[in-house]
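Start at 1 and go down the list; that is how both ligands and their atoms are numbered.
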Amino acid sequence: MSDTSPSNLFYQSHLSRPMLDYAEGIYLYDVSGKRYLDGSSGAMVSNIGHSNRYVLDAMKAQMDKATFGYRLHFQNEPSERLARQTARLMPNGLDRVFFVSGGSEAVESSIKLARQYALVKGKTTAWKVISCSPSYHGCSLGALALTGYQPLADPFLPMMRDMPKIPAPACYLDRDDLDDTARGLKYAGMLREEILRQKPETVLAFIM
Ligand SMILES: Cc1ncc(COP(=O)(O)O)c(C=O)c1O
């Protein structure tokens, strides 16, 4: 029997959602047995299928051996192996991997890495990260500063350092008749202008 008392979780709306029971491949099943075809992998994160047997077996095998090893104190073979395989897929020269827990943390880590690289290279004035609007780069404060979506960012502007934005390419909305190359140059030109407007020596990176 399902519990009908009010939820103690934060949701983004008061709409009620079906209670998920289990999932398999491209399907999700609620507690009444109703089946849902997941056409977008949830929020695009389950793209090798829900409850994938290979993943579950690998997770279980690792959990049975060890659930945590702090990276200041230990290396572990699964992380080393995944990093090696990832590096093999990267362009030459990109051979170091830093694992994180999600998108916002990935964005924050990458801009911090860029800033540390600039400092090592003596470019201490470079800190601005240009991004597009609209865009979504996450909801933690650093990633939100790059997110080009006012309803999400506005309430927190006093608490963060807002970053410069340029228009995101929106070919289907552009009322012109440019071919792909000309359109690419048009948007690249906007980035160039923004870098010049911000003063190039202050610009650290562009994220899209
Ligand atoms: C492009 C992009 N960057 C960052 C994020 C933030 O990821 P997370 O919700 O895992 O923090 C998302 C999430 O949808 C995303 O689509």
Side-chain angles (χ1 to χ4, degrees), residues 7-15 17-18 20 23 25-28 36-52 55-56 58-59 62-63 67-68 71 78-79 82-83 85-87 89-91 94 96-118 126-174 183-184 187-188 190-191 194-195 203-208:
S7 173
N8 291 100
L9 293 171
F10 278 115
Y11 286 105
Q12 280 167 309
S13 79
H14 292 295
L15 295 174
R17 287 145 292 266
L20 178 64
I26 59 170
Y27 294 110
L28 298 157
Y36 303 80
L37 171 69
D38 187 353
S40 64
S41 304
M44 300 156 287
V45 294
S46 311
N47 45 19
I48 54 171
H50 290 280
S51 302
N52 185 297
V55 176
L56 294 182
M59 287 170 71
Q62 180 56 41
M63 294 295 150
T67 52
F68 183 69
R71 77 191 150 94
S79 296
L82 182 57
Q85 286 176 4
T86 307
L89 299 172
M90 303 296 284
L94 287 182
R96 293 299 185 94
V97 178
F98 186 66
F99 293 120
V100 293
S101 302
S104 304
E105 197 187 346
V107 167
E108 302 227 354
S109 300
S110 62
I111 62 174
K112 287 172 76 181
L113 207 56
R115 170 70 180 163
Q116 283 177 306
Y117 180 74
W127 59 269
K128 295 174 187 169
V129 181
I130 301 174
S131 63
C132 292
S133 183
S135 69
Y136 185 73
H137 293 293
C139 264
S140 54
L141 287 177
L144 191 58
L146 305 173
T147 290
Y149 185 57
Q150 282 187 329
L152 284 181
D154 273 2
F156 308 103
L157 281 179
M159 300 162 69
M160 63 194 190
R161 191 107 194 206
D162 195 24
M163 293 283 183
K165 310 283 185 307
I166 60 168
C171 316
Y172 65 105
L173 292 175
D174 283 359
R183 193 181 311 283
Y187 282 96
M190 290 184 200
L191 175 58
E194 187 61 28
I195 292 171
V203 176
L204 177 70
F206 170 57
I207 184 168
M208 65 170 290

For [X], is the [atom1] atom crowded, meaning more than 12 foreign heavy atoms sit under 6.0 Å from it?
X    : atom1 : value
Q62  : CD    : yes
F99  : CZ    : yes
R71  : CZ    : no
Y149 : OH    : no

Nearest to [atom], what protein heavy atom do you find, and at what distance?
atom                   : answer
atom 7 (O) of ligand 1 : G103 CA, 3.1 Å
atom 2 (C) of ligand 1 : Y136 O, 3.4 Å
atom 9 (O) of ligand 1 : S104 OG, 4.4 Å

Quiz prompt | Test side-chain hydrogen bond (donor to acceptor under 3.5 Å, both in side chains) applied to E105 and S140, step by step | solution = CA-CA 8 Å; E105 197 187 346; S140 54; over 6 Å; no
Exercise. Number the atoms of ligand 1 from 1 as they appear, then name those within less than 4.0 Å of a heavy atom of G138, with their elements.
Key: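 Those atoms are 4 (C), 6 (C).
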Practice problem: Output the list of atoms in ligand 1 that are nearer than 4.0 Å to some heavy atom of G102, sorted by atom number. | Solution: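 Here the atoms of ligand 1 in question are 10 (O).
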